[in-house]
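Accompanying notes for the structure given below.
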Amino acid sequence: MCKDCGCSITDHHHHHDHHDHSSAHQAAHETLHHNPQLNDAKTIEVISKILDKNDHEAAHNRSHFDKHGILAINLMSSPGSGKTTLLEHLADVAPFKFGVIEGDLETNRDADRIKAKGIPAHQIQTGSACHLDAFMVHKGLHEMPLDKLDVCFVENVGNLVCPASYDVGTHLNVVLVSVPEGEDKIEKYPVMFRQADLVLITKIDLLPHFDFSVERAKQAARKIKPGVDVLEVSTKDKDSVKRVADWIKFKMEMR
């Protein structure tokens, strides 16, 4: 699926600073890939156009959020790291009103779970697409009560590769890595963690059962993204979830 969407042509030079995305296009011209198709000049030109259009739409999404005074947060991780569960528990402690745009290949299950907590949510089914793009998110925005929200989460498709290459118009990126996944995921997928404003180490209640070093995970994250914030979370520990809510509240106040 990546050869179709073009996300595999980007590499670690693609930084989402929401102002300059030219590095992605430069990388498309400079990077050699094992797949000969991705070294073809016509393919590179097509991918560059896709990224240009996506970045333009992402800026449009951000203007929607800014107009309504909303802090938008892109949640990214591999499948099963606990994104939806975290949002369910945030609903119980967050000192702000939030909504969620959900991205999954199929089913409405995650959106239904969020709605059951009294939180507005809209499900996007991507089919075979391995990530959300700015156009999908834009459609979702028109289904959200933006005038009533302080924060809007975009829960991206579970994937530690493709979502990192597509700006969807959010202000912040939060990346989750769970204890069962292993601390090595951070170093194995540096593109994703380089985009992070916050790294959440989730399911820490399982630490006694896995060979996972929180300190090594923190070191790996800060080697890839110096100074990145890191929080440890267990949804069984209300205080740890509240610390996530407090971090978001602080970012809201800093805007």
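Side chains are part of it too, since the values below use all heavy atoms of this structure and drop only hydrogens, waters and symmetry mates.
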Quiz prompt | Inter-residue atom distance Y166.OH - E57.CD, 0.5 Å rounding | solution = 14.0 Å
Exercise. Output, in order, the C-alpha distance, side-chain angles, deciding distance and verdict of side chain to side chain contact (heavy atoms under 4.5 Å, CB included) for H68 and L149.
Key: CA-CA 8 Å; H68 290 87; L149 303 180; over 6 Å; no
Quiz item: If we only count heavy atoms from C-beta on, is the I204 to V233 side-chain gap below 4.5 Å?
Solution: no
Quiz item: Which atoms form the tightest heavy-atom contact between P79 and N159, and what is the distance?
Solution: CD-N, 4.1 Å
Practice problem: Answer yes or no: is there a side-chain heavy-atom contact under 4.5 Å between D104 and Q125? | Solution: no
Self-check item: Heavy-atom closest pair, residues L90 and I248
Solution: CD1-CD1, 4.5 Å
Quiz item: With sequence neighbours left out, which residue pairs that include part of residues 72-111 fulfil the ring-ring contact (aromatic ring centres under 6.0 Å, His included) condition?
Solution: F98-F153
Quiz item: Does a side-chain heavy-atom distance below 4.5 Å link I186 with I224?
Solution: yes
Quiz prompt | Closest non-hydrogen atom pair between S234 and D205, with its separation | solution = OG-OD1, 2.8 Å
Quiz item: Do E181 and S81 get their side chains close enough for a donor-acceptor pair, meaning under 3.5 Å?
Solution: no
Self-check item: For H60, all residues meeting ring pair (Phe, Tyr, Trp, His ring centres under 6.0 Å), sequence neighbours excluded
Solution: H64, H138
Quiz item: Are side-chain heavy atoms of N156 and N74 found at a separation under 4.5 Å?
Solution: yes
Quiz prompt | Donor-acceptor contact present, side-chain E183 to main-chain S213, <3.5 Å | solution = yes
Quiz item: Could you give the distance from OG (S240) to CG (L86), rounded to the nearest 0.5 Å?
Solution: 8.5 Å
Quiz item: Taking 4.0 angstrom as the limit, do K218 and E232 come out as a salt bridge?
Solution: yes
Quiz item: Of the non-hydrogen atoms in V199 and A221, which two are nearest, and what is the gap between them?
Solution: CG2-CB, 4.4 Å
Quiz prompt | Under 3.5 Å donor-acceptor, N173 side chain and M76 backbone | solution = no
Quiz prompt | Lys/Arg N to Asp/Glu carboxylate O, R62 vs D167, below 4.0 Å | solution = yes
Quiz item: Would I119 and L87 count as a side chain to side chain contact (heavy atoms under 4.5 Å, CB included) if you check the C-alpha gap in whole Å, the side-chain angles of each, and the deciding distance to 0.1 Å?
Solution: CA-CA 9 Å; I119 303 298; L87 292 171; over 6 Å; no
Self-check item: D92 and its salt bridge (Lys or Arg N to Asp or Glu O under 4.0 Å) partner, picked from K242, K117, K238
Solution: K117
Quiz item: When E88 is tested against each of K83, K115, R113 for salt bridge (Lys or Arg N to Asp or Glu O under 4.0 Å), which residue passes?
Solution: R113
Exercise. Would you give the length of the straight line joining atom CD of E102 to atom CG of L75, rounded to the nearest 0.5 angstrom?
Key: 8.5 Å
Self-check item: side chain to side chain contact (heavy atoms under 4.5 Å, CB included) evaluation trace for V175 with Q195
Solution: CA-CA 8 Å; V175 181; Q195 309 304 327; 5.7 Å; no
Quiz item: Any donor and acceptor pair, going by atom type alone, linking the side chain of Q123 with main-chain N or O of A111 inside 3.5 Å?
Solution: yes
Quiz prompt | Separation of H131 NE2 from S165 OG (nearest 0.5 Å) | solution = 8.0 Å
Quiz prompt | Lys/Arg N to Asp/Glu carboxylate O, D239 vs R243, below 4.0 Å | solution = no
Quiz item: Roughly how far, to the nearest 0.5 Å, is the CD1 atom of I201 from the CG atom of L231?
Solution: 9.0 Å
Practice problem: For residues W247 and D197, determine if any side-chain heavy atom of one lies less than 4.5 Å from a side-chain heavy atom of the other. | Solution: yes
Self-check item: V161 versus M192, closest heavy-atom pair with distance
Solution: N-CE, 4.2 Å
Exercise. State, to 0.1 Å, how close D211 and R216 come at their nearest heavy-atom pair, and which atoms those are.
Key: OD1-NH2, 4.3 Å
Exercise. Considering only NZ, NE, NH1 and NH2 on the basic side and carboxylate oxygens on the acidic side, decide whether D66 and R255 come within less than 4.0 Å.
Key: yes
Quiz item: After noting the C-alpha distance and the side-chain angles of V230 and V228, does the key distance pass the side chain to side chain contact (heavy atoms under 4.5 Å, CB included) rule?
Solution: CA-CA 6 Å; V230 182; V228 68; 4.2 Å; yes
Quiz prompt | Atom pair NE2 (H171) and CG (N61), whose distance is rounded to the nearest 0.5 Å | solution = 10.0 Å
Quiz item: Judged by atom type as modelled, is there a donor-acceptor pair below 3.5 Å linking the side chain of N54 to the main-chain atoms of A134?
Solution: yes
